[in-house]
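Working notes for the structure below.
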Amino acid sequence: MNISVPRRVTKATAVAAVAALALAGLTGTTASANPAAAAAAPDIPLANVKQHLTDLQSIATANGGNRAHGRTGYKASIDFVKAKLDAAGYTTTVQTFTSSGATGYNLIADWPGGDPNQVLMAGSHLDSVTSGPGINDNGSGSAAVLETALAVARSGYQPTKHLRFGWWGAEELGLVGSKYYVSQLPTAERSKLSGYLNFDMIGSPNPGYFVYDDDPTIETTFKNYFAGIGVPTEIETEGDGRSDHASFKNVGIPVGGLFTGASRVKSSAQVQKWGGTATAFDRCYHSSCDTTSNINDTALDRNSDAIAHAIWTLSAGTTTPPTGTVFENSADVSVPDNGAAVTSTVNVTGITGNAPSNLAVGVDIVHTYRGDLVVDLVAPDGSVYSLSNRSGGSADNIVQTFTVNASSEVANGAWKLRVQDKASADTGYINNFKLTFP
């Protein structure tokens, strides 16, 4: 910031589901019916967001300790985010501009589909100051927006509105990148932007929960989310107009966003409300100590989920329901580091005869090193089908649908996803396991 079913059971997902169904005017639906209904936002895995922060920290460390405009660390940050989005199926564009005698970069990512005349955009600045790696300011917003964009891709989300994401350069020099982006938009394109959501410093170590007081619909969306998880909010004033949303607001585009505080001191009343201490919300603001240790995990997790909630709610879309009968378990199961195998179970009932020759096995494992993992499908009679045997090298996570010839197995019974971490130093959990019978 520049200032000078069973789904994963959380209040957040409950709020998202209620809001999404309310928007669509839907009541009384059940998970087993698989309607093409308004989609609830997924839980955004904190581990994934923190891994992006670790990667940004590594980029800064390898490039003189910062990711500032005109420095090699900033371009490396752009390349890192772009690679993730390209792999997920986004259409990405790198926009160049000049500031202070150096080339700057904005990264724009469009998710295919949605009404091109109604564009919902979310963004954050990716640059740091020269004095530090900028992990809270603003790796936090950048990482959460990135992971939300990746969650859009993982879920197969089909929004009614067109979704666009942006990462801005040279914010720390006066909102230069976002101002340039807006200035280059023809008037007709500006009119298509139904809203811009900004996320700048959302993991402050002594956090508050601040909501921008701008567009009423966007503001209410965020306030309702936090009310639903029992977290009080206040109107954001410390950085009002001093982050990239101002570039959009100044040309009449509706804006909103979240913030957890910078150099201002948390009042005693705010300590009573949110906990913490009567010191700066972020004592490392614009300093060399703004590293991965300068993040409050609870604030980062809550705000990341709030971002997803707002994007799903404000874009009012659907997910593509799977064809066939789906049995699913989304309860988290921790995978011990270099430990014993663990399982997630789905109980299949009501299927006549044997399983099909094309049984679809949906696997969603959040893990920092997939090359450590052995993943098997275990049939009700104990037969084992290998899905992944320490493949994928240094990549993270296994989010994939495998096809298994299970025609020799009786369909009904307890099917298990078995996962074992076979080497040390990496962690994760089973996020979701489902079977689809055609």
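Residues take their numbers from the sequence shown, with the count starting at 1.
Applying side chain to side chain contact (heavy atoms under 4.5 Å, CB included) to V419 and the options D376, I398, V363, L373 leaves one that passes, L373. Among the candidates I108, L146, N106, the single residue satisfying the side chain to side chain contact (heavy atoms under 4.5 Å, CB included) test with W167 is L146.
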request  = Run the numbers on F433 and V361 for side chain to side chain contact (heavy atoms under 4.5 Å, CB included), then give the verdict.
outcome  = CA-CA 7 Å; F433 164 45; V361 184; 3.9 Å; yes
key: CA sep, side-chain torsions, deciding dist, call: D110, H162, side chain to side chain contact (heavy atoms under 4.5 Å, CB included)   = CA-CA 8 Å; D110 284 273; H162 180 77; 2.6 Å; yes
ask   = Going through the checks in order, is the ring pair (Phe, Tyr, Trp, His ring centres under 6.0 Å) test met by Y181 and Y196?
value = CA-CA 13 Å; Y181 173 77; Y196 170 74; 8.6 Å; no
request  = Would you check, one step at a time, whether the test side chain to side chain contact (heavy atoms under 4.5 Å, CB included) holds for T148 with W312?
outcome  = CA-CA 10 Å; T148 302; W312 259 255; 4.2 Å; yes
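For the 3.5 Å distance criterion, the side chains of S124 and S142 qualify, holding a donor opposite an acceptor. With no hydrogens or angles considered, no side-chain donor-acceptor pair links S204 and D282 at under 3.5 Å. If you check the side chains of S128 and N66, you find no donor sitting under 3.5 Å from an acceptor. Side-chain contact annotation: N432 with D364, donor-acceptor N/O pair under 3.5 Å absent. Neither side chain, Y225 nor T313, offers a donor N or O lying under 3.5 Å from an acceptor on the other.
Contact check for F226 versus L258: side-chain heavy atoms found under the 4.5 Å cut-off. Between E171 and S243 the shortest side-chain heavy-atom distance falls below 4.5 Å. A heavy-atom distance below 4.5 Å is not found between the side chains of I44 and I307.
Residue K266 places its NZ atom among more than 12 non-hydrogen atoms of other residues, nucleotides or ligands, all under 6.0 Å distant. Within 6.0 Å of the CZ atom in R283, the count of heavy atoms belonging to other residues, nucleotides or ligands does not exceed 12.
Of the charged side-chain nitrogens involved, none lies within less than 4.0 Å of a carboxylate oxygen, so that E147 and K50 do not count as a salt-bridged pair.
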Could you pull out every donor-acceptor pair under 3.5 Å between side chains of residues 386-393 and any protein atom, sequence neighbours left out?
from: S388; atom 1: OG; to: S391; atom 2: OG; distance (Å): 3.0
from: R390; atom 1: NE; to: G371; atom 2: O; distance (Å): 3.2

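Of all heavy-atom pairs spanning G73 and I59, the tightest one is O-CG2, 3.4 Å. Nearest heavy atom pair, residue T277 against residue N206, reads O-ND2, 2.8 Å. The two residues G174 and K179 have their closest heavy-atom pair at O-NZ, 3.3 Å. The shortest non-hydrogen separation linking L53 to A143 is CD2-CB, 3.7 Å. The minimum heavy-atom distance between V129 and E172, with the atom names listed, is CG1-CD, 3.7 Å. The shortest heavy-atom contact between N138 and H125 is ND2-O, 3.1 Å.
Ring geometry, Y209 versus W274: the interplanar angle exceeds 60°, so the pair is classed perpendicular (tilted spans 30 to 60°). Ring planes of F222 and F199: perpendicular class, angle over 60° (limits at 30 and 60°).
A distance-only check finds no donor-acceptor pair linking the side chain of D290 to the backbone of H286 [under 3.5 Å].
Ring centers of F97 and W168: at least 6.0 Å apart, outside the cut-off.
Here the CG atom belonging to N136 is positioned 4.5 Å from the CD1 atom belonging to I295, to the nearest 0.5 angstrom. In this structure, CD on Q95 lies 10.5 Å from CG on L107, to the nearest 0.5 angstrom.
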